[in-house]
Structure formats: structure tokens, C-alpha cells
Amino acid sequence: MDAQSQWTGLDAARLERIGEHLERNYIGPGKIPGCQVSVARHGHLGYFKSFGSMDLERNKPTRDDTIYRIYSMTKPITSVALMTLYEQGYFQLNDPVSRIVPSWKNHRVWVSGEGDDMVTEAPHRPVSFRDVLCHTAGLTYGGGLPGVGIQHPIDKVYRALKIRSLDGADTMVEFMDKLAQVPLRYQPGTAWMYSLATDVCGALVELISGKPFAQYLDEVIFQPLGMKDTAFSVAPEKVDRFAANYQRGPDKKLQLIDDPANSNFGKEPGFKSGGGGLTGTSADYLRFCEMLRRGGELDGHRVLGPRTIAMMHMNHLPGGQELTKLALGGFSETAYDGVGFGLGFASSLDEVAAGGLGAGDYYWGGAASTIFWVDPKEDLSVVFMTQLMPSGTFNFRGQLKSIVYSSIID
């Protein structure tokens, strides 16, 4: 056994199957431009490799310090930020959001119809902090999910009010007040729907802390953890490290959809999206994962307490149910079988139902097919980066899990 395997309890030779699998099935056939995989266990890096290209048009191989659009992998970071304020006593999970945003006392709930014929009713209870952390608030994405579009009469209201956080320059107060005008899709706490709820969490961080959301993230998470390349925009001196973003066309070939040279991520956004606005590197995100794995601390810097981290990845869905019983809508960053949801993370509840190893792990992904997971039982963190829109085309998490877990030898 080599020294690295002694530290990590991972068989280095078996981990090489990761690269073989990705090259054979994805890089070689041109299904993705390139990717990067990090595997750490017991606090030691057991595997890190870059594959393929970060920019096909410029023939640039993937760099170890490539910067990626992490999209919805922003959500766990935002959730952690909000929970740092929970730890300071600013709110309890069952408190109504309207304590901070008075306009949220005016919410109605959709019953039937649309437009002038829409029928609504009063909520049975107010939207709580737990609801927005857990996507059980009754909010939607307003028809803004990749490849989904308008699915429901409520989505038309979102569009009419121009509630699209990444496209606008609303202040956090304006964003929240607009959402107060939209009927909720369902009674709070009775269903789960992927939504703008984590953008709400970001707004709450700013409104409670009194600091701009981006500044709070930088001071409380990024600087302490040494996440030096994670931000809402890519600085001019770093654009040469910024990957291109692709989608698969009707002919299954890769099509460029966001050139790093003229990407919107090259300029500071007016609205800082807690649900999907960040860019960053594999190394940065692995440091975030390692903080989670270690119970909220890394290299002497504590972000959260260990009991708070443990509570965040418990299943908070009503009645302890799985997403199969509660999920609405046609898109999310997770499968539903054997999966619960906590305060910013999905969690694997049942290996048999989920059809994969790693019960007790918690995770999320991003729209460009990026993924991560942390497994407290196995003391494991994994980060996968690529740039292919939308996510869900390939089951990278399931495939990588089968290889990584088969490499654990202690």
C-alpha cells in the first residue's frame, strides 16, 4: 500500500478507474468538453485530475486552476451563510420570514385558474425560515429553469413582475417585495419544489446582517476558508482561467453557449444570486466541502458549529418523507428515490431505494453538470466540475460514486 492510500484508505489503482471511465465515455466521444475530479478522505487528497478541454474553440486544455460556473452549487454556500446568523440568535427555523420582510404577511396561495380568474386562499401558516432553506415555501422558479419554461399559471405572474434574479438589478428588498405579490404554488410545508427560495436566503443574509450579501460571504466564508477564486464575477486578470460553457445540440455535438471572453460573468451582476450566481474552482469548493466534513471548521477557522452542520443535513421534509412523495415540478439537481432534503442539501436516506452507495451523504449540483457530495460516515468529500448545460443529461454522481466507494479499502 502506498503512503497516499495509508492516509486516505483509498486504493489509488482503483481510483484510476475514474479517469478511464470519463475518457472512455465522455471526453473521447465528445459528450463533454472536459472535467475535473477531486476526492478527499480523512482530510487528505486521494485523487485530483483534470481532463479534456476548458475551451474547445481556443484549444485550451483544462487547467488545474480552471474557474467554473457553479450555478446551484451556490445554494449550499448561501444556506451556510444564513445558518451563521441562526447561530447568532437572529432567527429560529420555524419563525416566519415576515418577521424580517413585512410584505410577506400578504402572501396568498394558488387554488385554481389563472390571470383575472385565478382563485387564491390564505396560507394555513406563514412561510418560515425552514421553508426557504428546504424548498418547501411554495415558491417556484417562475419558468426560469433550464429547458423547462412556463409550467403553471403562477409562472406567468413571476414573468409579469420580472422576477428573474440573474437578469435584473433589483435590490434585495425589491426582490422580496415582488415575491410577496406572487401567490404561493402550494400551502407552505406541504410539498417540495425547486425554487427561488435560496435567492430568498441570500436576501435574508443581507437584510439581517446589514451587509451586502457578497461582502458577507467574503468575510464569513471565502476569506476564512481560503476560497480565493470564488466570486459572483470573474476578474479580468482571471478570464484566461475561465472555462467555456456548452450544451448538446440536436446532433448531440457540443455547442458553445457562453464564451468566457464576453460572458456576463465577466462583469459584476446587479443582483447577487444566492441560488446560482457564483463562479469558482475545484480547489475552492473542496475547501468548502472539507469545512462541512470537519463539522464547520477548517485550518483553525470555524464557520459553523458541528451540531448545526449535523442538523443541516438531516431530512427536514414533512413527516420525514422522501422527495418521491412530496416533489413537484420537472427539474431539480437530484433524483427523488431514497432522497430527503435538509437545510440547503439533498441527503441519501436509503441505499436500496436510491440504487447507490453512500446512505447518509449530503450533496447538490449545478446547472452546468457540476456536483459535490460529503459523506460523514466515510469521512469523504468529492467535487466534480465540468461545463455542460443543463445538468441531468448524464448521471455523473451515480457513476462516480460506484467507482469511488469501490475504492475504499479500510
Side-chain angles (χ1 to χ4, degrees), residues 26 31-36 54-55 66-79 135 139-151 155 158 163-168 192-202 230-234 242-249 254-260 263-266 269 271-282 284-285 288 323 327 329-336 339 341 344-346 363-373 382-398 400:
Y26 296 105
K31 293 181 179 179
I32 61 174
C35 62
Q36 209 164 67
M54 59 180 278
D55 189 328
T66 295
I67 296 174
Y68 296 92
R69 302 156 193 79
I70 66 170
Y71 290 119
S72 286
M73 277 168 51
T74 304
K75 288 180 169 70
I77 294 173
T78 299
S79 301
H135 291 286
L139 303 173
T140 82
Y141 251 113
L145 290 169
V148 176
I150 291 176
Q151 292 184 300
D155 295 339
Y158 280 82
I163 302 176
R164 284 298 311 277
S165 58
L166 293 177
D167 296 338
W192 183 94
M193 190 171 191
Y194 201 37
S195 69
L196 289 170
T198 318
D199 286 288
V200 169
C201 292
T230 303
F232 286 104
S233 62
V234 179
F242 190 30
N245 198 10
Y246 297 88
Q247 67 181 9
R248 298 182 81 202
L254 294 174
Q255 297 178 342
L256 178 69
I257 57 172
D258 191 26
D259 188 326
S263 171
N264 285 335
F265 283 99
F271 184 94
K272 307 299 191 296
S273 169
L278 288 172
T279 61
T281 60
S282 291
D284 277 8
Y285 212 88
F288 177 72
L323 286 174
F331 180 94
S332 80
E333 305 291 351
T334 181
Y336 295 153
V339 175
F341 202 88
F345 309 95
Y363 63 94
W364 204 240
S369 303
T370 59
I371 55 171
F372 83 94
W373 77 88
V382 179
V383 176
F384 172 82
M385 296 289 198
T386 188
Q387 299 282 257
L388 177 71
M389 298 280 287
S391 65
T393 304
F394 306 114
N395 184 16
F396 290 117
R397 179 173 175 268
L400 288 173

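Numbers here simply count residues along the sequence, with the first being 1. All figures in this text were calculated on a predicted structure; none of them were measured in a lab.
Applying the side chain to side chain contact (heavy atoms under 4.5 Å, CB included) criterion to Ile257, with sequence neighbours excluded, gives Asn245, Gln247, Met389. Tyr285 is linked by a ring pair (Phe, Tyr, Trp, His ring centres under 6.0 Å) to Phe288, Phe372, counting only residues two or more places apart in sequence or in another chain.
Side chain of Thr370 to backbone of Ala367: no donor-acceptor contact under 3.5 angstrom is found. Here the side chain of Thr198 pairs no donor or acceptor atom with the backbone of Gly274 at under 3.5 angstrom. In this structure, Tyr336 contributes its side chain and Ala327 its backbone to no donor-acceptor pair below 3.5 Å. The main-chain N or O of Ala243 is never found under 3.5 Å from a side-chain atom of Asp55 such that the two would form a donor-acceptor pair.
Under the 4.5 Å side-chain criterion, counting only non-hydrogen atoms from C-beta, Phe242 is in contact with Ser263. The closest side-chain heavy-atom distance from Asp258 to Tyr246 is not below 4.5 Å. Looking only at side-chain heavy atoms (C-beta outward), Leu196 and Thr140 stay at 4.5 Å or farther from each other. Within the 4.5 Å cutoff, the side chain of Phe265 has no heavy atoms near those of the Ile67 side chain. Proximity of Phe271 to Asp199: side-chain heavy atoms (C-beta onward) are separated by under 4.5 Å at one or more points.
The distance from atom CD1 of Ile371 to atom OG of Ser391, rounded to the nearest 0.5 Å, is 10.0 Å. Annotation: the span from Ser369 atom OG to Lys31 atom NZ amounts to 13.0 Å, rounded to 0.5 Å. Residue Ile70 holds its CD1 atom at 5.0 Å from CG of Leu278, rounded to the nearest 0.5 Å. Atom CZ of Phe384 sits about 4.5 Å away from atom SG of Cys35, to the nearest 0.5 Å. Taking CZ from Arg248 and CD from Gln255, the interatomic distance works out to 11.0 Å, rounded to the nearest 0.5 Å. The distance from atom CD1 of Ile32 to atom CD of Gln387, rounded to the nearest 0.5 Å, is 10.5 Å.
Of the residues listed (Thr74, Val234, Asp284), the one engaging Thr279 in a side chain to side chain contact (heavy atoms under 4.5 Å, CB included) is Val234, and it is the only one.
Side-chain atoms of Gln36 and Thr66 include no donor-acceptor pair closer than 3.5 Å. Ser72 and Lys75 form a side-chain donor-acceptor contact under 3.5 Å, judged by distance and modelled atom types alone. With hydrogens and angles left out, the side-chain atoms of Tyr26 and Thr386 include no donor and acceptor closer than 3.5 Å.
When ring centroids are compared, Tyr71 and Trp364 stay outside the 6.0 Å threshold.
By the 30° and 60° cut-offs, the orientation of the rings of Trp192 relative to Tyr194 is parallel.
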